[in-house]
Amino acid sequence: MSEDGQSAATESTDETSEPTSGKLVELAKRRGYFFQSSGAYGGVGGFYTFGPQGAALKGNVEDAWRDRFAVAEGNMEIDAPTIMPEPVFEASGHLDGFDDMLIECPDCGTSSRADHLVEDNTDYEDAESLPIPEVEEVIAEYELVCPECGAGLADVAVENFNLMFDTNIGPGDADPGYLRPETAQGIFVEFPRLKEYARNQLPFGVTQIGRAYRNEISPRRSIIRTREFTQAELEYFVDPEEDEPDLESVADVAVTLYPASEQNAEDGSEIETTIGEAVAEGIIGDEWVAYFLGVAKPWYESVGVDMDRFRFRQHLAGERAHYAADCWDAESEIDGNWIEMAGFAYRGDYDLSKHGDHSGDRFTVFKQYDEPQTVERATVDPDMSYLGPEFGGAAQAIVDELEALAARDRDAFDGETVTIDLEGETHEIPLEKTGFAVEEETIAGEHVTPHVVEPSFGVDRLVYTVLHHAYREDEVDGEERTYLDLEPEVAPTFVGVFPLQNDAELEATADEIVADLREAGLSVTEDDSGNIGRRYRRQDEVGTPFCVTVDYETIENPETTVTVRERDTTSQKRLPIDELAETLAAIRTGDLAFEDL
RNA sequence: GCGCGGAUGGUCUAGUGGUAGGACCUGAGCCUUCCAAGCUCAUGGCCCGGGUUCAAAUCCCGGUCCGCGCACCA
């Protein structure tokens, strides 16, 4: 976590320019946000447990995402299994595409892609499709060497490494399955049924919040890169020819963009613009992607991402999947490094077409024309009682050719006989034996494969960013203080309730208040230990926005008020107990501000 | 997976070939009429497995985990 070099790459924006990751990870461990899993058994790499505060924060973030991307957009949410059978991943391309052949140099230890080595140094073009023993043979035959140190790689084993966790479905290994490497496939696979729920009307969107698994070679940076993580994904299915996003509603959203052209430029930099302008100037190539960027930005802000440390970065041509026309990431800055929090991709019909090809089902939507179209169609209905005896085994081939010919060249049926060329031989078929006819057909519509726009969010990285961007250090009355400036909407604990001192009467009143607030649906913690300042600091450190203190005025005053203390400013106001729950609930939903009390 | 560095109560850390000390936290009590105060007491630890040794938390080897760099990140 060195400061040099890294922080120079980006202009840090505020008082937290000093790296805080170390301190944050320590706080997260101590206060129950997240920590290494299975610690009692030595820990396991790339797996983290969200503690009591972390699970609540993550849940709140997921709820906020659901409100915005499912409920507010009118999309439907599903919950698919995390394990799916092998054919799903054959179709999706993960079985091949996620599979790397690695070969490790015995001398210098460098790992290289064995298939790339072969392709670069031999005439083989698609080494990835070769079985491993054959790749090993080729390496030995061509005496390929390590690209780093030049050591010979003949007789070095090629390891197959697939980033997917595999398992067996049921007993034995006849039915392999995989833990999904992204939640998206669970949506795509169910498309034929989901489109029924959408009553075959495009556009429609399906969301899913769930776990995905990748057996990363090297998990890093606490919960930034783990082997099990949570995604919140929206697959939005559109008719590419007709559907258009409501760009107007997000046109004025101000965004920081880092387009590919700027990344490639010598002195490129981020661009401050609006969604509307970026589309007008062609910076964002796809309007759907632009729309969801416009939805995402204010949402990120609402859950507490610092907009001075946030940008959308366009994928460079090289990092884009081949089917993606345009792709942007949402990135946040953590100690001078930009990390990817979400990807917004226009995936075309790639996914649905693949599943349509590989499965027996139809991954299309029937699109009705405004007016039914009448077309003339030439058909044949061959007389098999003639063709069979006449041509024997070739009869079926002749039928196929007649059908093809009718579609291709109606004029061929103008004469007394029809001429068929079949494997060099010419056959004359009497016209009346072909059953040729031109019919009028009414076509009500067509089957179209929808295109997919995919906003895909990493929830863990977002939670990490929210914590990191909320981390604050300041001084209160000369004492150092650490607090988390979490948005009330996502803060895991919303209010702490304290009796000012050890006093049965104060404690009894505090108990009643706690019960009231909990009944109002607020997340409440009660604390009567130590002096009042310590209790305030405790809540500051987990980011609890408000604390209520029951003092002697509360039990003496007929109006029975308590103090409400706000976390960031530590300022206090007195509120009547009977208005407390209602007022705090309104603050949490954003309908009321503490300053206005 | 490779290289470098690291691992001591919940957290942060001191330390030596002779079985560990501090600070903070936490709990109990006293005190206390609003911001980590004070006093008393208490709980709690050498990452795991081998080896060397009379003796290993310390030295050696292997592993696990963490951080960083490389590679990887459809």
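- Using bins of under 30°, 30° to 60° and over 60° for the plane-to-plane angle, the ring pair Tyr236(A)/Phe292(A) lands in the perpendicular bin.
- One can find a donor-acceptor pair under 3.5 Å joining the base of C34(B) and the side-chain atoms of Tyr536(A).
- Between the P atom of A37(B) and the CD atom of Glu480(A) lies a distance of 14 Å, rounded to the nearest Å.
- Considering only side-chain N and O atoms, Lys29(A) lies nowhere under 4.0 angstrom from the phosphate OP1 or OP2 of C66(B).
- Residues Tyr346(A) and Trp288(A) place their aromatic rings such that the two centres sit no closer than 6.0 Å.
- Side-chain contact check for Lys354(A) and Ser92(A): no donor-acceptor pair (N or O, by modelled atom type) lies under 3.5 Å.
- Look at CZ on Phe47(A): it is 15 Å from P on U64(B), rounded to the nearest Å.
- Taking 3.5 Å as the limit, the base of C34(B) and the side chain of Thr563(A) contain a donor-acceptor pair of atoms between them.
- Across the C1' atoms, A7(B) and G49(B) are found 16 Å apart, a figure rounded to whole Å.
- A straight line from CG of Leu27(A) to P of U11(B) spans 13 Å, rounded to a whole angstrom.
- Annotation: A23(B) and C41(B) have their P atoms spaced 12 Å apart (nearest Å).
- Between Thr226(A) and Glu216(A) the shortest side-chain heavy-atom distance does not fall below 4.5 Å.
- With pairs defined as Watson-Crick or G-U wobble and both atom distances under 3.5 Å, the stems of at least three pairs that touch RNA chain B come out as B:1-7 with B:64-70, B:10-13 with B:21-24, B:26-30 with B:38-42, B:47-51 with B:59-63.
- Nucleotides A55(B) and G51(B), compared at atom P, are 11 Å apart to the nearest Å.
- Residue contacts shown for Gly32(A) are absent, as no nucleic acid heavy atom lies under 4.0 Å away.
- Ionic pairing of Arg221(A) and Asp335(A) is not present here: no N-O contact between side-chain nitrogen and carboxylate oxygen is shorter than 4.0 angstrom.
- Taking 3.5 Å as the limit, the base of C35(B) and the side chain of Glu479(A) contain no donor-acceptor pair of atoms between them.
- Atom-to-atom, CD of Glu541(A) to C1' of U11(B) comes out at 10 Å; the value is rounded to the nearest Å.
- Here the P atom of nucleotide C65(B) and the CZ atom of Phe35(A) are 17 Å apart, to the nearest Å.
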Report, one line per pair, each donor and acceptor closer than 3.5 Å where one atom sits in a side chain of residues 46-53 of chain A; sequence neighbours left out.
{"unit_1": "Thr49(A)", "atom_1": "OG1", "unit_2": "Ser37(A)", "atom_2": "OG", "d": "2.7"}
{"unit_1": "Gln53(A)", "atom_1": "OE1", "unit_2": "Thr493(A)", "atom_2": "OG1", "d": "3.2"}

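- Along RNA chain B, the nucleotide closest to Ser222(A) and the one closest to Arg461(A) are compared, and the more 5′ of them pairs with Ser222(A).
- For the residue pair Arg565(A) and Thr563(A), no side-chain donor N or O sits within less than 3.5 Å of a side-chain acceptor on the partner.
- Listed in residue order, the members of residues 225-236 of chain A having a heavy atom less than 4.0 Å from RNA chain B are Arg225(A).
- Between Glu182(A) and Gly46(A), the one whose closest nucleotide on RNA chain B sits nearer the 5' end is Gly46(A).
- Remark: the separation of the P atoms in A57(B) and A37(B) is 37 Å, to the nearest Å.
- Comparing A14(B) with C30(B), their C1' atoms sit 32 Å apart, to the nearest whole Å.
- For Leu163(A), whose side chain is taken as the heavy atoms from C-beta onward, the closest listed nucleotide among C73(B), A36(B), C2(B) is C73(B).
- Of the possible polar contacts, none joining the His355(A) side chain to the Phe191(A) backbone as a donor-acceptor pair under 3.5 Å is found.
- A straight line from OH of Tyr41(A) to C1' of C47(B) spans 15 Å, rounded to a whole angstrom.
- Per the geometry, CD belonging to Gln53(A) stands 15 Å off C1' belonging to G10(B), to the nearest Å.
- Separating the P atom of G22(B) from that of G44(B) is a span of 15 Å, rounded to the nearest Å.
- If you take CD1 of Ile217(A) and P of C72(B), they are 9 Å apart, rounded to a whole angstrom.
- Here the separation of C24(B) from U32(B), taken at their P atoms, is 23 Å to the nearest Å.
- Between Phe594(A) and Phe546(A), the ring center distance clears the sub-6.0 Å criterion.
- With hydrogens and angles disregarded, no donor-acceptor distance shorter than 3.5 Å links the side chain of Asp349(A) to the backbone of Leu352(A).
- Applying salt bridge (charged side-chain N to carboxylate O under 4.0 Å, His left out) to Asp540(A) and the options Arg472(A), Arg567(A), Arg481(A), Arg31(A) leaves one that passes, Arg481(A).
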**Q.** Base versus backbone protein contacts along nucleotides 21-33 of chain B [heavy-atom cut-off under 4.0 Å; B, S, -]
**A.** ----SSS----BB

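- A donor-acceptor contact under 3.5 Å is formed by the side chain of Arg565(A) with the base of C35(B).
- Remark: Phe310(A) pairs with Tyr300(A), Phe312(A) by the ring pair (Phe, Tyr, Trp, His ring centres under 6.0 Å) rule, at least two apart or across chains.
- Remark: the separation of the P atoms in A42(B) and G21(B) is 14 Å, to the nearest Å.
- For Glu182(A), there are no salt bridge (charged side-chain N to carboxylate O under 4.0 Å, His left out) partners, not counting sequence neighbours.
- Taking the ring centroids of Tyr536(A) and Phe498(A), they lie under the 6.0 Å cut-off.
- Listed nucleotides C35(B), C70(B), C65(B) differ in distance to Arg220(A); the shortest reach to its side chain belongs to C70(B).
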